[in-house]
Participant: 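Got a structure for you, questions after.
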Amino acid sequence: MSTTTRPSPLDAVTDIDSARPDGAQAGALPVLAVDLVSDPSVLDRIGQLAQELERSGVGALTLSDGGLHPIHVASYLAPLTDAIALLPRTDAIYAEPFHLATQLMSLDHLSHGRAGWLLTAETDPAAAAAVGRTALGPEATAQEAADVLEAARLIWDSWAEDAVVRDTDLGVYVDAARLQYADFEGESFSVRGPAITPRSPQGLLPVLVADADRATVGERVATELADGRVLDLDVSTGARPDAVAAAVKQARTDGDGPAVRLVRLVGLDLDADPLGTVTELAAALRDRGLIAAAPPTGQSLRDQLGLPAATRTADPTRRSDRARLTTKDHV
């Protein structure tokens, strides 16, 4: 007599992950995230809400711009939380790339490795005018988003893990031989580097693209350069667990696009019962093996997402202790 063992839904999900060529660890499940809008009206309670969401088992918070800069709000929440990841959803286009990369590195330091970046590409002409630029068209916007992402990663990678030596006898704080220039040349800007901030805990922060931003950031960023997709689930009109689970399962079984790294609940009614809604959905998704377990204290966002550790790429030709030629000298 023979018997047949029926595979569980979780087994099917694991098979999907194992087949992906994007570097994910086999069996990595997406992380449940809640989107909070950085409206000044919620500032007095956003810290407590973040702590309560962390205790309810949410793996990450995304911070969308509602008047306060998302990176500033994430930095405020970092010392108030212990395990939940913090991902500002912020623009790559009308920001100075070097400063943006440094701010995100600082957030990674503040959160001890829990920081990520939801990359957006602003299209509002007012945003361009605010920094004295002309609004870019769709193709130029997508190109600049790709350039900023590549530049940010070179800046993040410019310090070795052991660059800070603190040799009091020699009076040396940083070994310049362990730093390297970014040397990035884009379509509309260049970055020399290195960073002014020591290498952050994760080295390279995870960069994700939400469904809502895919059209503006361009396909190259969304499908080739980013570390994965953020599945947006609008719960503003209610959230039935079965419907949410079906949407996540469908996205997980779609092997044609980038891997789903976050399942993001957007439109949560903070004046109703946000914790009750989130707790119910989290339980329903975890019972079905569709999202990752709640993160323990000290786990990095890269680990949560199933991404491999970021190994520094050392380039001897870009070492900071060697003489440099300026662009003018090269001409």
Side-chain angles (χ1 to χ4, degrees), residues 23 69-72 74-83 85-88 90 92 95-117 119 147-186 189-207 225 227 297-305 307-331:
H69 199 294
I71 295 179
H72 296 169
S75 299
Y76 168 73
L77 295 177
L80 300 179
T81 53
D82 298 308
L86 302 166
L87 298 96
T90 192
E96 205 287 322
F98 188 88
H99 293 163
L100 175 60
T102 302
Q103 289 173 337
L104 290 166
M105 289 175 76
S106 297
L107 176 60
D108 202 38
H109 280 293
L110 282 170
S111 63
H112 303 288
R114 293 181 285 128
W117 179 20
L119 188 152
D147 285 349
V148 170
L149 175 50
E150 290 188 285
R153 283 179 171 150
L154 288 169
I155 295 166
W156 295 338
D157 207 34
S158 61
W159 287 55
E161 294 86 345
D162 58 354
V164 178
V165 294
R166 295 187 179 92
D167 190 327
T168 56
D169 292 336
L170 295 177
V172 176
Y173 178 70
V174 175
D175 181 354
R178 304 177 197 179
L179 274 63
Q180 61 191 22
Y181 282 76
D183 280 350
F184 179 82
E185 295 285 343
F189 69 90
S190 62
V191 176
R192 297 285 282 175
I196 57 174
T197 303
R199 189 178 184 87
S200 71
Q202 295 181 102
L204 301 182
L205 279 66
V207 180
L225 298 180
D227 292 305
T297 298
Q299 185 178 42
S300 73
L301 178 56
R302 291 191 71 89
D303 283 345
Q304 266 212 81
L305 299 175
L307 296 172
T311 303
R312 181 172 181 262
T313 302
D315 183 350
T317 66
R318 295 190 283 128
R319 268 177 42 174
S320 291
D321 62 333
R322 295 186 174 173
R324 305 286 298 175
L325 294 177
T326 66
T327 303
K328 182 178 179 181
D329 293 328
H330 280 293
V331 176

Participant: Checking the side chain of R114 only, and the main-chain atoms of Q299 only, is there a donor and an acceptor separated by less than 3.5 Å?
Facilitator: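 Answer holds: no.
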Participant: Using every non-hydrogen atom in the two residues, find where R178 and V165 come nearest and quote the distance to one decimal.
Facilitator: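 In this case the closest contact between R178 and V165 is NH1-CG1, 3.4 Å.
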Participant: Measure the spacing between NE2 of H72 and CG of L77 and express it to the nearest 0.5 Å.
Facilitator: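 The distance works out to 13.0 Å.
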Participant: Is there a donor-acceptor contact under 3.5 Å from the side chain of H109 to the main chain of P198?
Facilitator: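 Yes: the side chain of H109 pairs with the backbone of P198.
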Participant: I need the minimum non-hydrogen distance between L107 and A78, along with the two atoms involved.
Facilitator: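 Scanning both residues completely, I find the closest heavy atoms to be CD1-CB, 4.4 Å.
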Participant: If I take atom CG from residue D175 and atom CG from residue D162, how far apart are they, to the nearest 0.5 angstrom?
Facilitator: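 Answer rounded to 0.5 Å: 8.0 Å.
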Participant: Mind checking the CG-CG spacing from L307 to L301? Nearest 0.5 Å is all I need.
Facilitator: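 Separation between the atoms: 7.5 Å.
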Participant: With side-chain contact (heavy atoms from CB on, under 4.5 Å) as the test, would you mind laying out the steps for E150 and D147 before giving the verdict?
Facilitator: CA-CA 5 Å; E150 290 188 285; D147 285 349; 4.3 Å; yes
Participant: So do D183 and R192 actually touch side chain to side chain, heavy atoms under 4.5 Å?
Facilitator: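 Side chain of R192 against side chain of D183, heavy atoms only: contact under 4.5 Å found.
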Participant: Answer whether the closest heavy-atom distance between the side chains of T197 and W159 falls below 4.5 Å.
Facilitator: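 T197 vs W159: side chains apart.
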Participant: For the atom pair OG1 (T81) and CG (L86), what is the distance rounded to the nearest 0.5 Å?
Facilitator: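 Result: 5.0 Å between the selected atoms.
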Participant: Return yes if a side-chain donor-acceptor contact under 3.5 Å exists between D108 and Q202, otherwise no.
Facilitator: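 Per modelled atom types, D108 and Q202 side chains form a pair under 3.5 Å.
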Participant: State the CD1-CZ distance between I155 and F98, to the nearest 0.5 angstrom.
Facilitator: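 I155 CD1 to F98 CZ: 5.5 Å, rounded to 0.5 Å.
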Participant: Could you tell me which non-hydrogen atom of V148 sits nearest to which non-hydrogen atom of A92, and how far apart they are?
Facilitator: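 Reported closest heavy-atom pair: CG2-O, 3.1 Å.
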Participant: Can you give me the closest heavy-atom contact between A115 and L104, atom names plus distance?
Facilitator: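 So the minimum-distance heavy-atom pair works out to CB-O, 4.5 Å.
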Participant: Testing the basics here: between L119 and L149, what is the closest heavy-atom pair and its distance to 0.1 Å?
Facilitator: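 Of all heavy-atom pairs spanning L119 and L149, the closest is CD1-CB, 4.0 Å.
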Participant: side-chain contact (heavy atoms from CB on, under 4.5 Å), that's the test. Do Y181 and S158 meet it? Break it down for me.
Facilitator: CA-CA 6 Å; Y181 282 76; S158 61; over 6 Å; no
Participant: Taking W156 for its side chain and S200 for its backbone only, find out whether a donor-acceptor pair lies under 3.5 Å.
Facilitator: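 No: the side chain of W156 does not pair with the backbone of S200.
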Participant: Go through it in stages, so that I can follow the logic: the residues are R199 and D157, the test is side-chain contact (heavy atoms from CB on, under 4.5 Å), and I'd like the CA-CA distance, side-chain angles, deciding distance and then a yes or no.
Facilitator: CA-CA 7 Å; R199 189 178 184 87; D157 207 34; 2.9 Å; yes
Participant: I'd like to know if the side chain of Q180 reaches the main chain of R318, judged simply by a donor and an acceptor atom lying under 3.5 Å from each other, with no hydrogens or angles considered.
Facilitator: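 Side chain of Q180 to backbone of R318: no pair is present.
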Participant: Just how far is it from atom CD of E96 to atom OG1 of T102, taken to the nearest 0.5 Å?
Facilitator: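 Reported value, rounded in 0.5 Å steps: 8.0 Å.
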Participant: V191 and L154: side-chain contact (heavy atoms from CB on, under 4.5 Å), yes or no, with the steps?
Facilitator: CA-CA 9 Å; V191 176; L154 288 169; over 6 Å; no
Participant: Within a strict 4.5 Å, meaning less than it, do heavy atoms of the T90 and Q103 side chains meet?
Facilitator: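 The answer is no, as the side chains (C-beta and beyond) never meet within the 4.5 Å cut-off.
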Participant: Could you report the tightest heavy-atom contact between R153 and V207, atom names first, then the distance?
Facilitator: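 Scanning both residues, the minimum pair turns out to be NH2-CB, 4.0 Å.
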